[in-house]
K.L.:
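Shown below is the structure under consideration.
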Amino acid sequence: MEVELRNITKRFGEVVANDDVNLTIRAGEVLGLLGENGAGKSTLMNVLSGLYTADEGEILINGKPVDFKGPGDSISAGIGMVHQHFMLIPVFTVAENVILGVEPTGKIDYLDLKKARLQVREINQKYGLEVDPDELIENLPVGIQQRVEIIKVLFRSADVIIFDEPTAVLTPQEVTEFFEIVKSLRDTGKAIVFITHKLHEILDISDRISVLRRGQIVGEGDPQTTTQTELAEMMVGRPVSFNVDKEPYAPADVLLDIEDLTVLRENDDVAVDGINLKVHSGEIVGVAGVQGNGQSSLIEALTGLTRVAGGTVKFNGQNITHASTRARHRMGIAHIPEDRQRMGMIADFSIAENMVLDTYYDDRFSKHRVINWPKAYKNSARVAADYDVRMTSVHDAAGNLSGGNQQKMVVARELSRETMFLIAAQPTRGLDVGSIEYIHSRIINARDEGDGVLFVSSELDEIMALSDRVVVMFEGRIVAEFDATTHPLDKNTIGLAMAGAVA
Amino acid sequence: MNEQTESLSEKLLQRAAPGRVDFEDMVVVPVFAVIVALILGAVAMLATNVDLATIGRSYVALVVGSVGSVNAISETLTAATPLVLASLGMAVGFRAGLFNIGAEGQLLIGGMAAVIVGFSFAGMPTYVHLPLALIAGAVAGGLYAGIAGWLRAATGAHEVISTIMLNLMSYRLVDYILRLPVVQREGRADPISRSVLDSAELPRLLEWIDPNLRLHSGLFVMLVAVFLVYWLLFKTTFGFEFRASGANPEAARYAGMRSGLIIVIVMVFAGAMAGLAGANQTLGVLGRATPGFSAGIGFDAIAVALLGRSHPVGVLMAGLLFGALEAGGRQMQVDAGVSIDLIAIIQALIIVFIAAPLLVRKIFPWGFQKETRAGKE
């Protein structure tokens with residue numbers, strides 16, 4: 001099956017999301033669709049999946065124009081989409097989720113689960129998916145849940161499968177497995193569209209690459225011959241540097257001193273198991289590890305958000321093991337939380353209000369518990385301009401900002417005050433190349449000014465690019481330590497340590 | 001570069017015109033909700049064999065009875081005052097993410113406390129006695145609500161459940177207090193309190209026109225409260241913490257705010273407002289306490305707070321509307337012989353439509369901008 005998008009234009013009010021886009025999707029081929037957040041990738045695919053109607057242009061399937069009035073038309077034409085956020089019911093089994101909406105039924109509307117399970121097994125076998133049809137969704141890791149989404153699409157006999165940022169939620173191992181699945185789908189003759197802003201992934205998996213910028217196709221690439229640098233330049237519209245410039249490594253006093261730190265989860269499982277770690281002023285310590293190995297609990301303990309079960313945390317010589325979040329904040333510890341939407345900002349609040357979310361109480365912005373809003377507004381505008389947060393007004397709701405700008409807002413809030421130490425968790429998750437570059441430079445900047453930085457990321461590339469020292473967490477412990485200032489870091493060695501294989 | 005930043009930051013300070021969508025949600029939807037509710041109210045009357053002429057007469061009476069004369073306006077404002085006070089407390093709770101169903105009970109306890117202070121302390125000058133009685137009402141209501149707040153913060157007991165329970169307890173508690181020898185009126189066997197002394201009564205405002213006009217100075221207490229709540233919510237660090245905890249409790253915690261403390265403070269404040277509403281009734285309108293003197297004001301206040309979108313000014317407007325419906329409803333009963341329960345139906349319908357803005361948009365498509373799907377990725 002061949003799908004052709006011809007001269008597609010889609011506008012939202014005055015915003016042109018897709019501008020005269022041409023795209024061909026062929027059977028047995030992976031088409032990589034590359035673009036920054038907001039470039040119009042999702043809009044284009046939503047046009048193809050029938051959620052939006054294009055203002056101009058047409059969609060041709062096998063040369064014949066089609067008219068999608070809604071997602072139903074697109075599904076019955078054989079186009080399936082795996083969304084970035086899964087649409088699964090946690091308390092249902094895999095089989096129940098797969099058949100949802102297209103249930104095989106017998107007499108008097110009898111739900112034929114037996115048949116459903118059989119069909120799921122068939123799909124499993126055909127594409128090597130290995131998913132137990134009787135397992136509840138809530139018991140499955142994210143990587144397997146994604147496979148359930150794929151089964152759902154295949155169950156509705158799709159020939160074209162669109163993946164919208166499929167790797168954003170996966171661990172490195174899961175990504176590898178996912179790529180195997182994509183390849184086997186392609187080899188059985190499915191047409192695949194792979195949407196992403198991650199350059200190395202698109203080079204790994206695609207047969208053809210189209211780059212979208214500001215709603216227009218700005219270039220095509222052959223993964224055999226194109227380089228990451230060329231693609232990045234096409235995507236962003238200017239040369240992008242992947243190498244971050246740092247001042248020479250000059251660590252000073254110990255700022256953060258963690259001794260035998262033990263933290264429990266809510267169910268009393270051990271999350272952090274007797275960790276010892278020192279972070280000096282003027283250095284970046286990267287914490288590598290597959291998500292869920294205690295990094296989040298470590299950060300919560302260091303920021304005073306969870307109780308410490310054992311051990312001590314000293315900051316600048318003071319014991320802060322049981323200090324409150326605010327007390328630590330006042331000592332100059334900045335925190336960029338791992339989930340900006342949930343922990344770092346309030347979507348309904350204005351940007352100005354978000355900019356003072358954890359400083360509203362201090363002398364700069366309030367006196368006798370009355371907030372000096374004009375001053376807070378002015379400060380927000382200055383900081384926003386300083387940190388390149390793109391918006392029209394500080395009075396706009398923060399929820400209307402793009403992901404990259406939301407993150408820049410959080411980074412701006414945390415770094416614009418007097419800080420001594422920065423704790424950053426997944427500071428660039430889900431961001432586009434331009435924003436990542438910017439946030440990295442700000443973190444390096446803090447380090448060069450003498451801050452200590454503890455930096456957690458599940459992106460190994462990022463850890464390797466920024467860190468002076470790297471520690472690897474596995475099952476709550478530090479299982480390996482690497483010093484980038486003495487030996488160059490080796491990706492494979494770190495990767496093995498992340499998987500728990502310690503030499 | 002620096003100059004560029006400077007000029008950019010100047011530009012960012014400019015406030016965009018309020019969005020059309022905000023205006024629709026805040027103003028257009030409530031207005032249409034009221035219109036639809038009135039139309040459906042007429043249908044309800046038709047269904048109960050009321051003829052068209054009577055329906056017409058009853059709506060005329062509704063208008064006349066609420067704003068048609070000095071007496072009508074006096075009645076509207078008298079009914080609106082406790083509603084606005086209690087629902088200001090609700091609004092602060094909503095903003096902080098707390099659903100305080102207990103205004104009714106807090107109002108009873110507050111009103112009761114105000115009566116007790118009001119009939120004690122004979123010989124005290126008004127400027128001491130009256131504020132004392134009002135404060136007693138606010139404190140008692142606040143403490144009573146504080147129980148639910150403390151339970152939530154310390155044990156996680158949901159405030160909806162605990163405030164409902166506290167409501168039920170307050171009914172019987174008031175019955176009990178009213179039969180205490182120090183409270184019960186001398187020579188009476190039924191549960192009725194002694195009368196509030198003149199020095200603790202909220203002075204009537206329009207006695208110089210007609211001694212029967214009930215409007216009292218509780219109106220000023222209410223207006224001050226509207227301003228105070230606005231200031232509290234939007235200008236103080238307390239209000240900022242309340243709103244942050246309501247809009248995203250997790251982010252508030254990450255920003256170092258103490259959620260437990262905030263819950264208790266908010267509940268106490270909400271209870272104090274309800275208690276003040278109760279004191280307003282006993283000191284301004286009734287002059288004594290009897291079982292069930294709260295008359296459902298605490299529950300209507302929930303509706304008023306929702307209708308007013310938990311904004312102090314919105315609450316004031318919504319409270320005035322509900323006050324007008326109540327005053328007009330009584331006139332409707334007198335003039336057209338239509339049951340006052342119809343007003344309850346209309347109030348209920350207004351709430352239904354407020355709660356279902358999409359339905360209102362469907363019924364009046366021409367009142368709204370064409371829906372555009374946001375191009376967010």
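What you see is a predicted model, and the numbers here were worked out from it, not measured in a lab. Throughout, protein chains are lettered first and strands after them, A, B, ... in sequence-line order, and every chain is numbered starting at 1.
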K.L.:
Quick check: are there more than 12 heavy atoms from other residues, nucleotides or ligands sitting under 6.0 Å from CZ of A:Arg364?
P.N.:
yes
K.L.:
Tell me if the aromatic rings of B:His158 and B:Phe99 count as close, with their centers under 6.0 Å from one another.
P.N.:
no
K.L.:
Considering only heavy atoms, which portion of A:Glu300 lies under 4.5 Å from any heavy atom of chain B: side chain, backbone, both, or neither?
P.N.:
side chain
K.L.:
Using the side chain to side chain contact (heavy atoms under 4.5 Å, CB included) definition, which of the options B:Ile263, B:Val160, B:Ile147 pairs with B:Arg152?
P.N.:
B:Ile263
K.L.:
Can you say whether B:Arg243 sits under 4.5 Å from chain A via the side chain, the backbone, both, or neither, judging by heavy atoms?
P.N.:
both
K.L.:
Among residues 356-363 of chain A, which residues come closer than 4.5 Å to chain B, judged by heavy atom distances?
P.N.:
A:Val356, A:Leu357, A:Asp358, A:Tyr360, A:Tyr361
K.L.:
Parallel, tilted or perpendicular, judged at 30° and 60°: which one describes the rings of A:Tyr377 and A:His395?
P.N.:
perpendicular
K.L.:
Flag the one option from A:Arg342, A:Arg413, A:His335 with the top tally of heavy-atom pairs under 4.5 Å to chain B.
P.N.:
A:Arg342
K.L.:
Are A:Lys408 and A:Asp388 within salt-bridge range, i.e. N to O under 4.0 Å?
P.N.:
yes
K.L.:
Could you tell me whether B:Arg309 atom CZ has more than 12 heavy atoms of other residues or ligands within 6.0 Å of it?
P.N.:
yes
K.L.:
At a 4.5 Å cut-off on heavy atoms, which part of A:Ser366 comes close to chain B: side chain, backbone, both, or neither?
P.N.:
side chain
K.L.:
Counting only heavy atoms closer than 4.5 Å, note whether A:Met345 contacts chain B via side chain, backbone, both or neither.
P.N.:
backbone
K.L.:
Where does A:Lys10 contact chain B at under 4.5 Å (heavy atoms): side chain, backbone, both or neither?
P.N.:
neither
K.L.:
Within a 6.0 Å radius of atom CH2 on B:Trp150, are there more than 12 heavy atoms belonging to other residues, nucleotides or ligands?
P.N.:
no
K.L.:
Measure distances from A:His368 to the heavy atoms of chain B and classify the residue's part below 4.5 Å as side chain, backbone, both or neither.
P.N.:
neither
K.L.:
Below 4.5 Å, heavy atoms only, C-beta onward: do B:Met222 and B:Leu316 meet side chain to side chain?
P.N.:
yes
K.L.:
Please determine if A:Glu56 and A:Arg11 form a salt bridge, counting it only when a charged side-chain N lies under 4.0 Å from a carboxylate O.
P.N.:
yes
